[in-house]
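First comes the structure, then the notes that go with it.
We use all heavy atoms of the structure for the numbers below, so side chains are in, but hydrogens, waters and symmetry mates are not. Keep in mind the model is a prediction, meaning the values are calculated, not measured. FYI, the numbering just counts along the sequence from 1.
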Amino acid sequence: MKAHNKTPVYWSLLNYNDWNLYIATTENGLCYVGSQNKPYEELSVWAEKRFPGKTLVEDREKINCYADELKEYFEGKRTTFTVPIDYHGTEFQLAVWKALCEIPFGETKSYSEIANDINKPAAVRAVGTAIGANPVLITVPCHRVIGKNGSLTGYRGGLEMKTQLLDLERHCLKGGVWGLF
């Protein structure tokens, strides 16, 4: 792993209606969106693995522009994200995460479709592993990946969170105002 400079990783807890997510950023962009209602430890364990030796610093001001886009998503006002994202992974993971970002709002794809999209049709399990390693939930929309038979399958944030996100997107596409949040 390459050495990182000593600038900290900034974080804050996004509280928006029923949503409680830890989010973090580096100087280069959003680097982490946590799972719904998970404790701070989820963030701190991830940060120690991803950025060993870096300090986590709570800073709501540094997080505001990222939090604002997530709030707009929850309100049904945003279908894509424009904030910079700072994620690091293997070449394979990056290809998978890029393919996730190409799934349109309100649509889903299967793991095998993602494997085909990155020209690795036999790598369905590896695609699942790469999706599970996605550090930036919602903004890199791994919740839009489902089983080949249409079933909801694993999600770092839990299947309840995945269901909520898919329901939000479907509801918004039907022209509804999302009122549950």
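- More than 12 heavy atoms of other residues, nucleotides or ligands shown are found within 6.0 angstrom of CD on E58.
- Across every non-hydrogen atom of G34 and L21, the tightest pair is O-CD2, 3.3 Å.
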*Does the side chain to side chain contact (heavy atoms under 4.5 Å, CB included) test come out yes or no for R50 and H88, once each step is laid out?*
CA-CA 9 Å; R50 181 71 248 154; H88 305 273; 3.6 Å; yes
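- Looking at Y73 and T139, their side chains never come closer than 4.5 Å, going by heavy atoms from C-beta outward.
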*Could you walk me through whether V145 and I103 pass the side chain to side chain contact (heavy atoms under 4.5 Å, CB included) test, one step at a time?*
CA-CA 9 Å; V145 180; I103 304 171; 4.0 Å; yes
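- The distance from the CD atom of E61 to the OG atom of S12 is 9.5 Å, given to the nearest 0.5 Å.
- The distance from the OH atom of Y10 to the CZ atom of R60 is 16.0 Å, given to the nearest 0.5 Å.
- The minimum heavy-atom distance between P121 and N116, with the atom names listed, is CB-OD1, 3.0 Å.
- The minimum heavy-atom distance between F92 and A126, with the atom names listed, is CE2-O, 3.4 Å.
- With sequence neighbours excluded, the residues satisfying side-chain contact (heavy atoms from CB on, under 4.5 Å) with N15 are L13, N20.
- The two residues A133 and Q93 come nearest to each other via the heavy atoms CB-NE2, 3.5 Å.
- No salt bridge links K109 with E102; every basic N to acidic carboxylate O contact stays at or beyond 4.0 Å.
- Applying the ring-ring contact (aromatic ring centres under 6.0 Å, His included) test to Y87 and every residue at least two apart in sequence or in another chain returns W97.
- Between V136 and F81 there is no side-chain heavy-atom pair separated by less than 4.5 Å.
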*Tell me, with the steps shown, if T7 and T26 meet side chain to side chain contact (heavy atoms under 4.5 Å, CB included).*
CA-CA 8 Å; T7 60; T26 65; over 6 Å; no
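- Here the straight-line distance linking atom CD of E113 with atom CD1 of I118 works out to 13.0 Å at 0.5 Å rounding.
- One distance of note links OG1 of T82 with CD of E72; it measures 8.0 Å at 0.5 Å rounding.
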*Can you list the steps and then say if I131 with L100 is a side chain to side chain contact (heavy atoms under 4.5 Å, CB included)?*
CA-CA 8 Å; I131 290 171; L100 297 178; 4.1 Å; yes
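- If you chain together hydrophobic residues whose side chains sit under 4.5 Å apart, V45 and F51 never meet in one group.
- Within the 4.5 Å cutoff, the side chain of K38 has no heavy atoms near those of the R156 side chain.
- Under a 3.5 Å cut-off, the side chain of E169 and the backbone N or O of P104 do not form any donor-acceptor pair.
- The nearest pair of heavy atoms linking G89 to L94 is O-CD1, 3.8 Å.
- Atom CZ in R144 sits 10.5 Å away from atom CD1 in I138 (nearest 0.5 Å).
- Applying the ring-ring contact (aromatic ring centres under 6.0 Å, His included) test between Y22 and each of Y40, Y32, Y66 identifies Y40 as the sole match.
- The distance from the CD atom of E69 to the OG1 atom of T80 is 8.0 Å, given to the nearest 0.5 Å.
- With sequence neighbours left out, the side-chain contact (heavy atoms from CB on, under 4.5 Å) criterion links D68 to K71.
- Annotation for S151 and I146: closest pair O-CB, 3.5 Å, computed over non-hydrogen atoms.
- Put simply, the side chain of N28 does not reach to within 4.5 Å of the side chain of P84, judged on heavy atoms.
- Inter-residue side-chain proximity for L70 and W19 is flagged as unmet; no heavy-atom pair is nearer than 4.5 Å.
- C31 is listed as a side-chain neighbour of W46, based on a closest heavy-atom distance under 4.5 Å.
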